[in-house]
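The structure appears below as structure tokens.
All values derive from a computational prediction rather than experimental measurement.
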Amino acid sequence: MLYFRNVVYRTVVAALFAAMLCAAQSDKSEPAFVSDPQIAAALRRISAPRIQANIEKLVSFGTRSTISAQDAESIAAGRGIGAAREWIRSEFERYSKDCGGCLEVKTDSFREEPAERIPKATEITNVYAVLKGTDAANAKRMVLVTGHYDSRNTDMSDVKGDAPGANDDGSGTAVSLECARVLSQMKFPATIVFLTVAGEEQGLNGSKHFAQMVKEKMAKDQRWDLEAVLNNDIVGGDKSAEQDRSVVRVFSEGVPAAATEQDIRRIRGLGGESDSGSRELARYIADVGRAYDAGVKPMLVFRLDRFLRGGDHYSFNQQGFAAVRFTEFREEFHHQHQNVRTENGVEYGDVLKFVDYDYVARVARLNAATLASLASAPAPPSNVRILTKDLENDTTLTWEASPGGLATEYEVLWRATTSPEWEHKQKVGNASRTTLKLSKDNVIFGVRAVDHAGRCSLPVVPIPER
């Protein structure tokens with residue numbers, strides 16, 4: 001009996017000690033994300049009534065079908081996608097005037113030839129505003145928020161019937177506009193782009209063209225470096241009984257769409273299927289959600305998009321950019337891609353009455369906090385490597401300094417291979433090499449740059465160096 005009691009006692013003490021040690025390690029190593037009081041103050045300026053007014057204005061154009069009217073008479077009458085385009089441009093220009101000309105307002109127009117959803121050659125125009133970074137060494141770094149301003153009803157070829165598009169995607173367009181209005185009152189070392197695209201419902205035409213343009217500019221003159229894309233599509237918080245207005249889904253690709261066969265072989269060999277740039281961006285958004293009270297929490301969905309569906313972020317993924325999609329928790333399909341009508345007591349159509357403007361404002365706050373955090377932080381470290389020449393249980397990581405000169409130190413992150421988010425961190429100072437008493441066989445590592453105020457870059461997962 002005494003032996004049994006001693007065994008029980010030792011077991012309980014060991015369990016308590018293990019629990020205390022585990023808790024201490026968790027408290028010490030939690031990858032905390034530092035909030036910025038200026039960013040927090042900016043989030044409070046995001047206005048649900050302004051968002052409501054913007055969505056109502058978008059709906060007032062009747063239809064915003066990509067193949068609807070764009071002639072001068074229709075624009076003057078305030079109907080069709082041409083009128084919507086001109087209004088969006090005027091809004092960006094108004095925000096620029098309010099900040100003393102801080103925004104460069106631009107259009108990206110191109111001719112789309114006839115295709116399955118485009119019966120005749122059509123001009124498609126993306127409208128965007130650029131808040132250029134104030135630091136010469138970091139201004140080429142860009143983060144981007146987008147939503148599509150085109151809409152549709154049941155029949156894609158119907159250009160005369162109303163297609164309100166209040167939620168899909170007046171809500172996402174309103175997020176881009178409101179982020180531009182609020183963040184243009186601030187200054188950031190890196191550049192923020194506020195984009196609205198057309199042609200999404202025809203086949204991601206606008207985003208595809210813009211992503212290709214960015215890729216070409218990066219290759220040609222090295223003055224653009226797109227680090228992150230936030231796509232907002234259907235973030236209206238449809239007022240269905242089953243809606244969860246406390247969360248917003250964040251979709252991210254696993255194996256990158258732009259990965260080469262060599263890349264895919266390496267990813268498979270290392271177990272890196274969940275460590276694309278887009279996946280790291282999603283984890284960053286989760287950190288932002290914990291650091292700032294946006295009123296809505298990101299729900300990470302490790303999938304490119306809704307099941308067998310797509311959106312504008314994929315156009316950027318195809319060009320090799322980190323890009324994610326924000327979408328409300330539960331979509332109501334009676335209110336998407338439907339003519340406005342009532343049948344058997346069921347209301348169809350994407351109309352204003354189903355949009356929760358407070359929810360859209362909360363999603364806008366999460367977007368704005370992410371954009372501002374990325375644009376304030378250092379660039380990620382480059383050429384991050386994990387040394388594999390020797391068989392050993394320690395792990396040595398090396399990297400090159402974060403470009404732009406903002407970083408003052410670096411942190412190593414790690415997590416179990418089965419964990420969806422980073423679990424631990426270790427500060428390593430202003431170094432370019434470190435060795436940890438951890439086996440690379442058992443965890444996944446990442447390295448991020450940190451500035452003097454604790455602002456963190458996106459993490460970079462190392463690749464092997466023999």
Does [X] [atom1] have over 12 foreign heavy atoms under 6.0 Å away?
X      : atom1 : answer
Glu73  : CD    : no
Glu343 : CD    : yes
Lys297 : NZ    : yes

Tyr284 ring center within less than 6.0 Å of Phe33 ring center: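 Here the rings of Tyr284 and Phe33 have centres that are less than 6.0 Å from each other.
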Does the separation of the ring centres of Phe210 and Tyr128 fall below 6.0 angstrom?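 That pair passes the under 6.0 Å test.
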Ring-face cation of Arg365 near Tyr292 (centre distance under 6.0 Å, axis angle within 45°):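 Here Arg365 fails the 6.0 Å and 45° test against Tyr292.
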I'd like to know whether Val450 forms a side chain to side chain contact (heavy atoms under 4.5 Å, CB included) with Thr408, so could you lay out the CA-CA distance, the side-chain angles of the two residues, the decisive distance to 0.1 Å, and finally the verdict. CA-CA 6 Å; Val450 185; Thr408 57; 5.6 Å; no
Ion pair check, [X] and [Y], cut-off under 4.0 Å:
X      : Y      : answer
Arg415 : Asp275 : yes
Glu411 : Lys427 : yes
Glu328 : Arg245 : no
Glu91  : Arg89  : no

Within the distance-only criterion (no hydrogens, no angle test), does the side chain of Glu332 pair as donor or acceptor with the backbone N or O of His334 below 3.5 angstrom?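 Answer holds: yes.
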